[in-house]
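Structure record follows, encoded as C-alpha cells.
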Amino acid sequence: MLFTRKSAIPLVALFAAKAQAWGTTIHNQIAFMAESFLTPQTTEVIKHILEPEYEGSIGRAGAWADAYAHTDEGEYSSTWHYIDSADTPPAFCNVYYNRDCTKGGCIVSAIANATVKFGSCVDAVKAGKLKGGSDVECSMALKFLAHFIGDITQPLHTSGVAIGGNAYPVVFGGEETELHSVWDDLILMADAKADKDFSNKTIDPYFSDLLSRTRKDTFFSPTHEWLACSDPSTPVACALAWARDSNAWTCDYVFSQIFNGTDLLESGYASGAFPIVRLQVSKGALRLGTWLNRIVEDWYKKDREVILQTNPSWVDGPMEGK
Ligand code: ADE
Ligand code: ZN
Ligand code: ZN
C-alpha cells in the first residue's frame, strides 16, 4: 500500500488506507452500463477471456481490481488506481504523465498496459487459442480495464491534493468522514437515495436512467466530447486526456466549492455535485464500452510505439506522504 516505506504510520495513512475507488458496487454498475454498448462480437470475445465465474459479464468483474489490490499478491497494483497530480486548486489543476505517474505505475500507465495486453488476448481468442478464461493474465487485463476506466473519471483519483482527498476531513450527513469517500460513494448514494450497496449482478435503475440519458445525449457535455480520445493505439494519450478531464473538476468544484466547516450534504455541496457525478459515471461507461469495441474491431494501428518509462518528480505525491 501507500505508506509501506515509513516505519511509523502517519496520521493521514489512517484516512488513506481505505479509499481506493468509486464504491465497490458502483464499479459493477459502471461496467454493467458499459455492457450495453458492446457489439455482439465484443460480447462474444469477452466470454472467452473472463473466467466462467463472471458468466461473460464485465459488470460482475468490475470491482475485482479493488479486492485484488488489497491482497498480498495484488498489492503491487494499488498505485494503479489513481494518479497523484501536483495540483494547487482552486488556481491550477493539471496532470502531467512523466511528472505525476509514480515509478510503480499509475492509472494512466495501468490503462495503457492493460490495453496492449488485452489487444493480444483478443488476437488469441480470434485465432482460437484462448477459451474459457484459461489465461489468467488476459482475464486480469480485462478486469483492470473494466475497473480503471471507471476510476479515472472520479476527480479525486486524478489529484494528489491531500492524498486524493483522503487526508481532507469533512462532515457529510452528520458523520465525520473524508473528502475522498464523499466522492467515491456518498454523493452518488445520496443522489440515488440508496441506503445500501447496489447489486453486483444486475443493473440498478439509477444507472439504467444514466444509460438512457447517455443515449439521448442530454448531459451538459455532449457524448462525442467524452470520446474525443478513443483510439486504443494511443492509450497513454487517451488515458491522460481522461485524467485531465476528470482532474479539471478538482479546480472547478471539488476543492473550490467546499464550505469550510459545513455539513456537505446540507450545505448545497452535494446537490451541486450530483450532475458532476452522474456525468462522470456515464463517461466511464461509454468510454469503457467504446474502448473494448475498438480493440476487438481491430480498429487501431497496432505497431505504434507506447512509451511507459516514467521519472516522477516525487514518489509519494505532492504531499510526500505527509
Ligand atoms: N491514494 C493516494 N492517492 C490516491 C488517490 N488520488 N486516490 C485514491 N487513493 C489514493
Ligand atoms: Zn479502484
Ligand atoms: Zn477512491
Side-chain angles (χ1 to χ4, degrees), residues 1-6 9-31 58 61-71 74-87 89 93-95 99-111 114 140 143-168 170 177-189 239 242-244 246-247 249-250 254-255 273 277 280-281 284 288 312 314-322:
M1 281 293 291
L2 291 166
F3 297 96
T4 45
R5 295 186 324 121
K6 306 265 191 304
I9 301 172
L11 185 61
V12 291
L14 299 174
F15 294 110
K18 72 180 164 66
Q20 206 162 38
W22 287 117
T24 307
T25 56
I26 299 176
H27 274 289
N28 296 114
Q29 293 293 326
I30 293 174
I58 49 169
W64 170 86
D66 274 340
Y68 182 63
H70 286 103
T71 64
E75 196 231 320
Y76 68 90
S77 65
S78 61
T79 62
W80 298 4
H81 294 246
Y82 55 85
I83 183 162
D84 273 347
S85 70
D87 303 328
C93 290
N94 212 337
V95 185
R99 183 191 66 178
D100 300 329
C101 192
T102 66
K103 273 276 181 223
C106 64
I107 193 160
V108 174
S109 58
I111 289 175
M140 284 171 70
K143 290 186 281 187
F144 279 138
L145 286 177
H147 185 90
F148 297 144
I149 296 179
D151 263 349
I152 205 166
T153 65
Q154 206 281 53
L156 286 172
H157 278 247
T158 61
S159 175
V161 174
I163 318 182
N166 282 293
Y168 198 110
V170 291
T177 179
E178 30 67 29
L179 196 58
H180 193 95
S181 294
V182 166
W183 282 87
D184 262 356
D185 280 298
L186 301 179
I187 294 169
L188 191 146
M189 300 300 272
W242 301 338
R244 286 180 170 161
S246 184
N247 165 272
W249 290 116
T250 63
V254 178
F255 288 108
V277 165
Q280 294 304 103
V281 160
L288 172 59
W314 46 77
V315 176
D316 286 331
M319 292 179 71
E320 296 181 338
K322 291 192 200 74

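Every heavy atom of this structure was used, including side-chain atoms; hydrogens, water molecules and symmetry mates were not. Ligands are counted one by one from 1 in listed order, and the atoms in each one are counted from 1 as well.
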query: Would Ile111 and Trp242 satisfy side chain to side chain contact (heavy atoms under 4.5 Å, CB included), going step by step from the backbone distance to the final call?
result: CA-CA 11 Å; Ile111 289 175; Trp242 301 338; 4.3 Å; yes
Tell me which N, O or S atom of [X] sits nearest to the Zn ion (ligand 2).
| X | result |
| --- | --- |
| Asp151 | OD2 |
| His81 | ND1 |
| Asp66 | OD1 |

- line: The single option from Asp100, Asn94, Asp87 that satisfies side-chain hydrogen bond (donor to acceptor under 3.5 Å, both in side chains) with Asn247 is Asp87
Which atoms of ligand 1 are found less than 4.0 Å from any heavy atom of [X]?
| X | answer |
| --- | --- |
| Asp84 | 2 (C), 3 (N), 4 (C), 5 (C), 6 (N) |
| Asn166 | 9 (N), 10 (C) |
| Ser159 | 6 (N) |

query: Can you check whether Thr158 has an N/O within less than 3.5 Å of an N/O in ligand 1?
result: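 In this structure, Thr158 places no N or O atom under 3.5 Å from an N or O of ligand 1.
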message: Does any N or O of ligand 1 fall below 3.5 Å from an N or O anywhere on Ile83, backbone included?
response: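 Ile83 vs ligand 1: no N/O contact under 3.5 Å.
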If I compare all heavy atoms of [X] with all of [Y], which pair ends up nearest, and what's the gap?
| X | Y | value |
| --- | --- | --- |
| Ala69 | His81 | CB-NE2, 3.7 Å |
| Gln154 | Asp184 | NE2-OD1, 2.8 Å |
| Thr153 | Val281 | OG1-N, 4.4 Å |

- prompt: Without hydrogens or angle criteria, can the side chains of Gln280 and Trp22 be said to hold a donor-acceptor pair below 3.5 Å?
  reply: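 No.
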- request: Verify whether one side chain among Ser181 and Glu178 offers a donor that lies under 3.5 Å from an acceptor in the other.
  value: yes
query: Are the side chain of His70 and the backbone of Asp66 linked by a donor-acceptor contact shorter than 3.5 Å?
result: yes
query: Are Gln154 and ligand 1 in contact, using a heavy-atom cut-off of under 4.0 Å?
result: no
task: Look at the aromatic rings of Tyr76 and Tyr68 and report parallel, tilted or perpendicular, splitting at 30° and 60°.
output: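 Plane angle over 60°, so perpendicular.
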query: Within the stated cut-off of 2.8 Å, is an N/O/S atom of Asp184 closer than that to the Zn ion (ligand 3)?
result: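 Yes, Asp184 qualifies, because one of its backbone or side-chain N, O or S atoms lies under 2.8 Å.
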- prompt: Where on His180 is there a heavy atom closer than 4.0 Å to ligand 1, on the side chain, on the backbone, on both, or on neither?
  reply: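 It is the side chain that gets close, since no backbone atom is under 4.0 Å.
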- request: Give a yes or no on whether His157 keeps an N, O or S atom under 2.8 Å from the Zn ion (ligand 2).
  value: no
task: Flag His27 as yes if one of its N/O/S atoms falls below 2.8 Å of the Zn ion (ligand 2), otherwise no.
output: no
